[in-house]
Amino acid sequence: MRLNGTQTIETVRLILRKYTLDDAEAMYNNWGRYEECFEYLPWESCASINEAEERIKKWIELYKDNTFYQWCIELKESKESIGLINLHNIDEDNLSSETTYILSPKYWNKGIMTEALRAVLEYGFEVMGLNRISADYFSGNEGSQKVMIKNIMKYEGTFSERYCKSGVFYDSIQYAVLKKDWEQKNK
């Protein structure tokens with residue numbers, strides 16, 4: 001397994017790169033402040049641009065660690081920061097990882113997150129040498145499920161009331177893809 005930290009990835013429409021403090025305002029305005037972006041995530045939205053800056057400062061510090069993989073999703077054409085995608089809970093012994101992502105509502109249903117996830121899966125399998133990448137979503141978030149299915153992730157199970165957010169329990173639905181299935185599909 002090769003752990004080289006967050007490296008820039010380019011797709012047809014996107015640049016996936018490290019966050020910088022210059023992204024704080026766009027992060028806050030495009031997705032960080034929107035409750036609907038965090039409705040199905042265990043984290044809370046940002047209350048201010050200052051809070052967005054503080055989160056980014058933590059990420060910048062974490063970029064020093066070659067096991068931290070968190071990308072800013074930037075539109076190539078406009079250079080606009082519109083979301084986040086990561087690989088986390090990296091298990092070196094079992095060559096596996098999880099992924100989480102979030103996107104500005106302005107860009108939902110345009111295939112952008114499908115494109116970003118495809119690039120991160122490819123990076124995980126081909127560059128890092130992972131064998132398995134999984135993702136889960138809160139029950140009710142069918143948009144996330146569609147992104148996973150489009151990237152040949154397969155349903156693995158439902159974890160009843162796995163997350164509690166604002167006093168409400170949510171089931172977690174897990175999908176995953178194996179390197180051999182990814183390679184077979186992308187030959």
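The model shown is predicted, which means the values in this text are computed figures rather than measured ones. Along the sequence shown, residues carry numbers from 1.
Under a cut-off of 6.0 angstrom, the local environment of CG in Asn4 is crowded, with over 12 non-hydrogen atoms contributed by other residues, nucleotides or ligands. With a 6.0 Å radius and a threshold of 12 heavy atoms from other residues, nucleotides or ligands, Glu77 has its CD atom at or below the threshold. Counting heavy-atom neighbours within 6.0 Å of Lys76 NZ, excluding the residue itself, gives a total above 12.
In the hydrophobic clustering of ILVMFWY residues, with side-chain heavy atoms under 4.5 Å counting as a link, Ile15 and Leu121 come out apart. When the side chains of ILVMFWY residues are joined at heavy-atom separations under 4.5 Å, either directly or via intervening members, Ile60 and Ile85 end up in two distinct hydrophobic clusters. In the hydrophobic clustering of ILVMFWY residues, with side-chain heavy atoms under 4.5 Å counting as a link, Val120 and Tyr19 come out apart. Transitive grouping of hydrophobic side chains (ILVMFWY, heavy atoms separated by less than 4.5 Å) brings Val147 and Tyr69 into a common cluster.
Sorted by first then second residue, the side-chain hydrogen bond (donor to acceptor under 3.5 Å, both in side chains) pairs that include residues 125-135, not counting sequence neighbours, are Arg132-Glu156. Residue pairs satisfying the ring pair (Phe, Tyr, Trp, His ring centres under 6.0 Å) criterion with at least one member in residues 134-158, sequence neighbours excluded, are listed as follows: Phe138-Tyr163, Phe138-Tyr170, Tyr155-Tyr175. Screening residues 159-171 for salt bridge (charged side-chain N to carboxylate O under 4.0 Å, His left out) gives Asp136-Arg162 as the qualifying pairs, with residues at least two apart or on separate chains. The ring pair (Phe, Tyr, Trp, His ring centres under 6.0 Å) contacts involving residues 82-122 comprise nothing, where partners must be two or more places apart or lie in separate chains.
Partners of Tyr28 according to the ring pair (Phe, Tyr, Trp, His ring centres under 6.0 Å) rule, which considers only residues two or more places apart in sequence or in another chain, do not exist here. Partners of Lys64 by side-chain hydrogen bond (donor to acceptor under 3.5 Å, both in side chains), not counting sequence neighbours, listed by chain and number: Glu61. With sequence neighbours left out, Lys57 forms a salt bridge (Lys or Arg N to Asp or Glu O under 4.0 Å) with Glu54. Residues meeting the side-chain hydrogen bond (donor to acceptor under 3.5 Å, both in side chains) test with Ser45, sequence neighbours left out: Glu35. Evaluation of the salt bridge (Lys or Arg N to Asp or Glu O under 4.0 Å) rule for Lys180 yields no partner, not counting sequence neighbours. Partners of Glu39 according to the salt bridge (Lys or Arg N to Asp or Glu O under 4.0 Å) rule, which considers only residues two or more places apart in sequence or in another chain, do not exist here. By the salt bridge (Lys or Arg N to Asp or Glu O under 4.0 Å) test, Asp181 is found to be paired with Lys154, residues two or more places apart in sequence or in another chain being considered.
Atom CD1 in Ile112 sits 10.5 Å away from atom CG in Asn109 (nearest 0.5 Å).
At a cut-off of 3.5 Å, with distance as the only test, a side-chain donor of Thr67 or Asp65 sits close to an acceptor on the other residue.
Aromatic ring pairs are classed by plane angle as parallel below 30°, tilted from 30° to 60° and perpendicular above 60°; the pair Trp182 and Phe125 is tilted.
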task = Take Arg33 and Cys46 through the test side chain to side chain contact (heavy atoms under 4.5 Å, CB included) and record every step on the way to the result.
result = CA-CA 5 Å; Arg33 67 185 172 129; Cys46 297; 5.5 Å; no
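Hydrophobic cluster membership of Tyr34, counting Ile, Leu, Val, Met, Phe, Trp and Tyr whose side-chain heavy atoms lie under 4.5 Å apart directly or via other members: none, as it forms a cluster of its own.
Residues Lys179 and Leu130 approach most closely at CD-O, 3.5 Å, considering heavy atoms.
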